[in-house]
Amino acid sequence: MDYTPQELDRKWQGRWAESRAFETEVDPSRPKFYCLEMFAYPSGHAHMGHVRNYSMGDVLARMKRMRGFNVLHPFGWDAFGLPAENAAIKHGVHPETSTRGNIAHMKGQLQRLGISYAWDRELATCDAEYYTWNQWLFIRMFERGLAYRRRSSVNWCGSCNTVLANEQVVDGGCWRCGTPVETRDLEQWFFRITAYADELLEETRALTKWPDKVLTMQRNWIGRSEGARIAFALAHDRAVPIDVFTTRVDTIYGATLVVIAPEHPLVARLADESPDPAAFRAEVQAFRLQDKAARMSGEVEKQGFDTGACVVNPFTGESIPVWVANFVLGEYGTGAVMAVPAHDQRDFEFATRYGLPIRRVIQPDADGDAHVEATGPLTEAFVDDGVLAASGPFTGLASEAARAAMTQHAATQGFGEGTIQFRLKDWGISRQRYWGTPIPMIYCERDGIVPVPDDQLPVELPAVTHFTGRGDSPLAQLREFVDVPCPTCGGPARRETDTMDTFVDSSWYFYRFADPRNARQPFDPAVVKYWLPVDFYVGGVEHAILHLIYSRFFARVFRDLGLVDHSEPFTQLLTQGMVLKDGAVMSKSKGNVVDPDQMLQKYGADALRLYVLFVAPPEGEIEWTDTGLEGSFRFLARTWRFVDHWCDRLVAADAGAAAGIEGLTEGERALRRKTHDTIRRVTADIEQRQQFNTAIAAMMELVNDLYAFGDATVTGAPGRRHEGALADERPQAIAVVAEAVDALVRLLSPFAPHMAEEIWERLGHAGGLSAATWPSFDEAVARADSLVIPVQVNGKLRGRLTVPAGTPEAELERLALADPAVQPHLAGRTIRKVVVASGRMVSVVVQ
RNA sequence: GCCGGGGUGGCGAAACUGGCAGACGCACGGGACUUAAAAUCCCGGGAUCCGCAAGGGUCGUGUGGGUUCGAUUCCCACCCCCGGCACCA
């Protein structure tokens, strides 16, 4: 019977659907395993990255099922987002229509891959029954001060009249029309993720099964730094302070100016008070028009101007000027810094450019850099710690001690305090867009900001038929949506017309999967308690920061709402590498896209899945090659042929019989050893290492050995195996082959489930492989009974000993020294030392 | 600049705890089968030198050094590549 994968794919996918093979229920009597791959944005077409992602998850899911776990393996759609709305603007197709169509198409593709999803639990974030819980949660967060509204600066395109996300700013201009982007202050909704900054940072330590790379990225992103906030009072109005944040309060005696960001709240007042307010404002505006990304990355030259105002250094009592400069960031710290040109490289460059004074207050300490001249002009800032000089009562202290003493002093005197600053900012979630979750808030002239009452949820997205891409959010143009009575006073009020960032949707979907049809709450806490946290989460490393930090944040919000009892939602994380073609990411514009559907048609799902797992370890990138895929297909066909050839005899055999049979030949014992060793390797590779490539290699070796064994036992004639000679078969040989094939099919089933199922059935098993158990191995059988021990002389390989396992070290040494291949290298020399690594190596040192 | 991960045959890779470097696969070469080809099955292969051959010598995991009986693996210095962060005060 020939291997016809396309037929097997259809047959078994049909069976699985029919028998609801992968649907699952809470079952406290069994250990659970929650296996999750990041859900998909329904772009319309699955790509090879998806294939790889879902294949990895499926190996774990199917394997764990066979190991007796109650496996939750769901899938869904991250269905809101800009692309659908942009398509609507361009082609006039409603986002709802295109999204539903895309989901249907992609779902078909995934089903043709044979991934073992519990499709009953499928969800799409654009379903009102899902996003109503976004709104519910938003209101809970609002009640707790975790959702709040404030003005903030955003990217603004003056031509399109809309806010742009950072990613939509290309080379400083609007991605759509090219108009230079400006920053503009707008009222926006924020989630107070910074309330959890410390915890999110600290508890990265608990994530022992996450890649270091991701943890490092998260730690950098959160960016904790310890320092002090110091108030510099305005010289002409001592009631008004400019707060600065510094990690180097020990250098404060060297501060020769204070620099504030163009966005600083005091800028407006200082402009008014300046001799030429118009010129002042023009300068500030010029800074704000500079490309934000470039400004933040330091690609723009440091520029600034003197505001004319002065502040008083609270440590020295000295009056120093206040400047505005483009290199100070409004969003970090207090938006103001004390500039210490001698001890900060940026300040140094700035001071040098504008001829401002540079005052040294830190001297290198004894064991510091000796080459740093203690006096004379600086060519760069001295940024290391050292010993304080010219610093009043603090002179002579070491930097670290000085920081503590000076922070204490500031606190006692009431003009400062020790503080911890995070780089992480609160999460701005307002989007002036249609295709997202409406923010469930109402503005009333009398009652202010009022949440939509729970019993009026969801605030459904109204039907919009015309997308222009201009003006405010499309929702703002719908009178019948905007005009609403105030829930508190019943008077006229208006709805919030912004929608939520789609990262809100993806921050908790893994909870909803546990209880996806719950109409009364986001999920039943008892059900989530059983399934969560996710045991194994697979996705692209591009989500290392955004999605994975937001989800950790949401888990803590749910925890503090009393809905979950854990803090970390994902126990183990696997970040899979990209799929490249010709050294580049597959993309339509490059014309190097390989279509999964075509590959499925040609080679079947099993070969495609096997290939993307075999070609490299999971975290690495893979380079697509058609010949590689053919190789995986060949392996499957080769396996198929072997089983096909032996099938009748194997059906009659008992796979467990091999264990009890006496009188095996050396070849038969070797095959059993290989079988058991393969089980050991494949099990560990999947479960402990997630090295799918080496697991597959191990199975290939077993198949190669089976062919070699067939040669030896069936025909004794290499090259002519499949013909005649069946009379030679020993029952013992059939038993060990039956054992090997039985193990192989089970091991292969998470990788190539369709073929494995077919073989399983042909071997006479009923009930399907998902009901079968994972094979176990016998350590004693897997262990070799004879070993080849290499012998080195002076570090060079000179001979090999074949000895029974467990040969004592003294005997190994004796055999090594007597070995004819070793002898010539010992002749006429003195043996200084013999090292015997038991069971591994004999090493002789001669002189 | 800082942080993280890498650098192994023609190519993708493997080597799990310091112990025979290159498993497995791709591409390639040879053979069997075939009228022939494809498919399949078998065999071969790091480089280099000696040898008709069997076989043997030397070198070989980015570079240079070190530790060790023994290093792809550990240590020091350096080069290169990939990813992330980056005027964060």
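Letters A, B, ... are given to chains in the order of the sequence lines, protein chains preceding strands, and every chain is numbered from 1. Bear in mind the structure is a predicted one, so any value in this text is a computation, not a measurement.
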>> For a quick check under 3.5 Å, do Thr256(A) and Arg359(A) share a side-chain donor-acceptor pair by atom type?
In response: no
For [N], what is the paired nucleotide under Watson-Crick or G-U wobble rules, both distances under 3.5 Å?
| N | answer |
| --- | --- |
| C2(B) | G84(B) |
| U67(B) | none |
| U34(B) | none |
| A15(B) | none |

Rounded distance in Å between the [atom1] positions of [N] and [M]:
| N | M | atom1 | answer |
| --- | --- | --- | --- |
| G45(B) | A39(B) | C1' | 24 Å |
| C74(B) | A15(B) | P | 14 Å |
| A89(B) | G4(B) | C1' | 25 Å |
| C43(B) | G57(B) | C1' | 26 Å |
| C50(B) | G44(B) | P | 25 Å |
| G10(B) | A23(B) | P | 14 Å |
| G22(B) | C75(B) | P | 25 Å |
| G46(B) | A54(B) | P | 15 Å |

> Pick the nucleotide of RNA chain B nearest each of Ile696(A) and Ile622(A); which residue has the one closer to the 5' end?
Replying inline: Ile622(A)
>> Between Val615(A) and Gln421(A), which residue's closest nucleotide on RNA chain B lies nearer the 5′ terminus?
In response: Val615(A)
Base, sugar-phosphate alone, or nothing: which one does [X] contact when heavy atoms must sit under 4.0 Å apart?
| X | value |
| --- | --- |
| Glu623(A) | nothing |
| Thr216(A) | sugar-phosphate |
| Thr334(A) | nothing |
| Val834(A) | nothing |
| Pro617(A) | sugar-phosphate |
| Gly631(A) | sugar-phosphate |
| Val835(A) | base |

Please pick, from [options], the nucleotide with the shortest atom-to-atom distance to any side-chain atom of [X].
| X | options | value |
| --- | --- | --- |
| Met700(A) | G25(B), G4(B), C20(B) | G25(B) |
| Glu701(A) | G25(B), A89(B), A23(B) | A23(B) |
| Ala616(A) | G25(B), C42(B), G12(B) | G12(B) |
| Asn704(A) | G84(B), G57(B), C24(B) | C24(B) |
| Met841(A) | A15(B), C20(B), A89(B) | C20(B) |
| Arg798(A) | G83(B), G57(B), U40(B) | G57(B) |
| Arg423(A) | C88(B), G84(B), C24(B) | C88(B) |
| Lys796(A) | U58(B), A27(B), G83(B) | U58(B) |
| Leu797(A) | C20(B), C42(B), A89(B) | C20(B) |
| Leu329(A) | C3(B), A89(B), C85(B) | A89(B) |

Using only side-chain N and O atoms of [X], determine if any of them is under 4.0 Å from OP1 or OP2 of [N].
| X | N | result |
| --- | --- | --- |
| Tyr707(A) | C42(B) | no |
| Arg689(A) | A15(B) | yes |
| Asn693(A) | A14(B) | yes |
| Lys833(A) | C69(B) | yes |
| Thr694(A) | A13(B) | no |
| Arg638(A) | C41(B) | yes |
| Arg634(A) | C26(B) | yes |

Taking all non-hydrogen atoms of both residues into account, name the closest pair between [X] and [Y] and its distance.
| X | Y | answer |
| --- | --- | --- |
| Phe315(A) | Met406(A) | CZ-O, 3.4 Å |
| Val585(A) | Met578(A) | CG2-SD, 3.9 Å |
| Arg248(A) | Val383(A) | NH1-O, 2.8 Å |
| Trp323(A) | Phe350(A) | CE3-CZ, 3.8 Å |
| Ala544(A) | Val214(A) | O-CG1, 3.8 Å |

>> Taking CZ in Arg832(A) as the centre, count heavy atoms belonging to other residues, nucleotides or ligands within less than 6.0 Å. Is the count above 12?
In response: no
Starting at [atom1] of [X] and ending at [atom2] of [N], how long is that distance when rounded to a whole Å?
| X | N | atom1 | atom2 | value |
| --- | --- | --- | --- | --- |
| Tyr603(A) | C26(B) | OH | P | 12 Å |
| Phe642(A) | U40(B) | CZ | P | 17 Å |
| Arg800(A) | G19(B) | CZ | C1' | 13 Å |
| Glu630(A) | C24(B) | CD | C1' | 18 Å |
| Phe692(A) | A13(B) | CZ | C1' | 17 Å |
| Leu801(A) | G19(B) | CG | P | 19 Å |
| Leu257(A) | A89(B) | CG | C1' | 12 Å |
| Phe614(A) | C26(B) | CZ | P | 8 Å |

>> I'd like to know if the side chain of Asp606(A) and the backbone of Pro5(A) have a donor-acceptor N/O pair within less than 3.5 Å.
In response: no
>> Check whether Thr675(A) reaches the backbone of Leu671(A) with its side chain - one donor and one acceptor, N or O, closer than 3.5 Å.
In response: yes
> Looking at the angle O4'-C1'-N9-C4 for a purine or O4'-C1'-N1-C2 for a pyrimidine, is G84(B) syn or anti, with syn meaning within 90° of 0?
Replying inline: anti
> Is a salt bridge present between Asp677(A) and Arg680(A), judged by a nitrogen-to-oxygen distance below 4.0 Å?
Replying inline: yes
> Less than 3.5 Å between a donor and an acceptor, one on the side chain of Ser843(A) and one on the base of C69(B), is that the case here?
Replying inline: yes
